[in-house]
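In what follows, a single structure is set out as structure tokens and then discussed.
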Amino acid sequence: MHTRAPCARMPQPGAVPELPEVETIVRQLAPLVEGRMITAAEILDPRWSAPLSPDELGEALLGRRIQSLGRRGKYIVWELGDELHLVQHLRMSGVVLFEPDREPGHVRVRLELDGGRAHVVVSDARRFGTGQLVAGAAELELFFAERLGLEPFDEDFTGAHLRALVRGRRTPIKALLLDQRRVAGVGNIYADEALFRARIHPERRAGALTLAQCEALREGVIEALASGIDARGASIDDFRHVDGVRGTFQERFLVHRRAGEPCPRCGGEIRKLVVAGRGTYVCERCQPRPRRRR
DNA sequence: AGGTCGGCCTGGCAGC
DNA sequence: TGCTGCCAGGCCGACC
């Protein structure tokens, strides 16, 4: 049992890795693993390696040199040479640790690098995380093309681009933001923060947004994500840096998980709703509720 | 074909 | 105190 400062009003459970959390991991881990060789690979959970068996995936990783570590959406991409890639997703509770002081719980993967000079451990309490091999540069492109829209920091991610994405869509704007095929990397936390910044109600019909609102939303998404990266991610429950340290973005949430607290902009009360099946936090004074229509 | 919903999974919490 | 049950939530596939 490690000591943990008792935290008043600490919401549980939570924080899932989204773009800023994955970016934080990749930035920290890349210089520690790039150029190193995988000299042992132990996969302890067949769900992680599926459809390959743990042995098959372990075998494929063995003897590979890590060329580079990158991110696309919420995926971590391990480039292993000869156009082979390990595409890793942390899903709900995945954590990647480098040389952990203590053995963490729920270890699913253990990589030994350079004959034991370094170790990487993947821990994942809820077991949704995955690692799959994608062979070929074109195949990797296709893998992401089928699953992910533009990166929010791509220069083509503009208000006009968003306007084109939402056109004719009747789904709530929050559901659209959470759809990785439309916008890559935004999850529940950053969707709430981005919509608050843009003063748009999460239940607003996507297709009803004006160009000006799409431009504001683009700004909101980028500012929320950049702020999250700057704070090295949010740790409510599971998320940790590669050295086990917590992120700090949860301290900077404007509305997310702040039901009952005053809005930082107008002082009105922050409310919790359910939108697209997700806990959703909103200041309905700053983000006016859409009029009922059909 | 766009939209919605259930399943996967488990720690932690509420409720009794 | 200890047990049960319920919830979160990314992504995928089934369904309408």
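- Rounded to whole Å, the distance from CH2 on Trp48(A) to C1' on dC9(B) is 17 Å.
- Scanning both residues, Arg218(A) and Leu162(A), for their nearest heavy atoms gives N-CD1, 3.7 Å.
- For the pair Arg126(A) CZ and dT10(B) P, the interatomic distance rounds to 11 Å; values are reported in whole Å.
- The side chain of Met92(A) approaches dG10(C) more closely than any other nucleotide in the set dG10(C), dC9(B), dG3(B).
- At least one side-chain nitrogen or oxygen of Arg257(A) sits closer than 4.0 Å to the OP1 or OP2 atom of dG9(C).
- Between dG10(C) and Gln180(A), no contact under 4.0 Å exists linking OP1 or OP2 to a side-chain N or O.
- Within the 3.5 Å criterion, the main-chain N or O of Ile189(A) finds no donor-acceptor partner in the side chain of Glu193(A).
- Arg278(A) comes within 4.0 angstrom of a nucleotide base, judged by non-hydrogen atoms across all strands.
- Regarding Phe239(A), its CZ atom lies at a distance of 16 Å from the P atom of dG9(C), rounded to whole Å.
- As rounded to whole Å, 8 Å separates atom C1' of dG9(C) from atom CZ of Phe128(A).
- In terms of phosphate contacts, Thr171(A) brings a side-chain nitrogen or oxygen within less than 4.0 Å of OP1 or OP2 of dT4(B).
- Regarding contacts with the backbone of dC9(B), every side-chain N or O of His106(A) stays at 4.0 angstrom or more from both OP1 and OP2.
- Side-chain contact annotation: Glu112(A) with Thr39(A), donor-acceptor N/O pair under 3.5 Å present.
- The phosphate of dG3(B) has OP1 or OP2 within less than 4.0 Å of a side-chain N or O from Arg169(A).
- Distance Glu21(A) CD to dG9(C) P: 13 Å, rounded to the nearest Å.
- Rounded to a whole Å, the CG atom of Asp45(A) is 9 Å from the P atom of dC9(B).
- A salt bridge does not link Arg278(A) to Asp192(A): none of the charged side-chain nitrogens sits closer than 4.0 Å to a carboxylate oxygen.
- OP1 or OP2 of dC12(C) has at least one side-chain nitrogen or oxygen of Arg147(A) nearer than 4.0 Å.
- Relative to the side chain of Arg91(A), the nucleotides dG9(C), dA8(C), dC12(C) differ in distance, and dC12(C) lies closest.
- Across dG10(C), dG3(B), dT10(B), the shortest atom-to-atom separation from the side chain of Val16(A) is found for dG10(C).
- In summary, the side chains of Gln180(A) and Tyr75(A) do not present any donor paired with an acceptor at a separation below 3.5 Å, with no hydrogens or angles considered.
- Across all strands shown, Gly277(A) has no heavy atoms under 4.0 Å from either base or sugar-phosphate atoms.
- Atom P of nucleotide dA1(B) and atom CZ of Arg181(A) are separated by 13 Å, given to the nearest angstrom.
- When rounded to the nearest whole Å, the span between CG of Asp124(A) and P of dG9(C) equals 16 Å.
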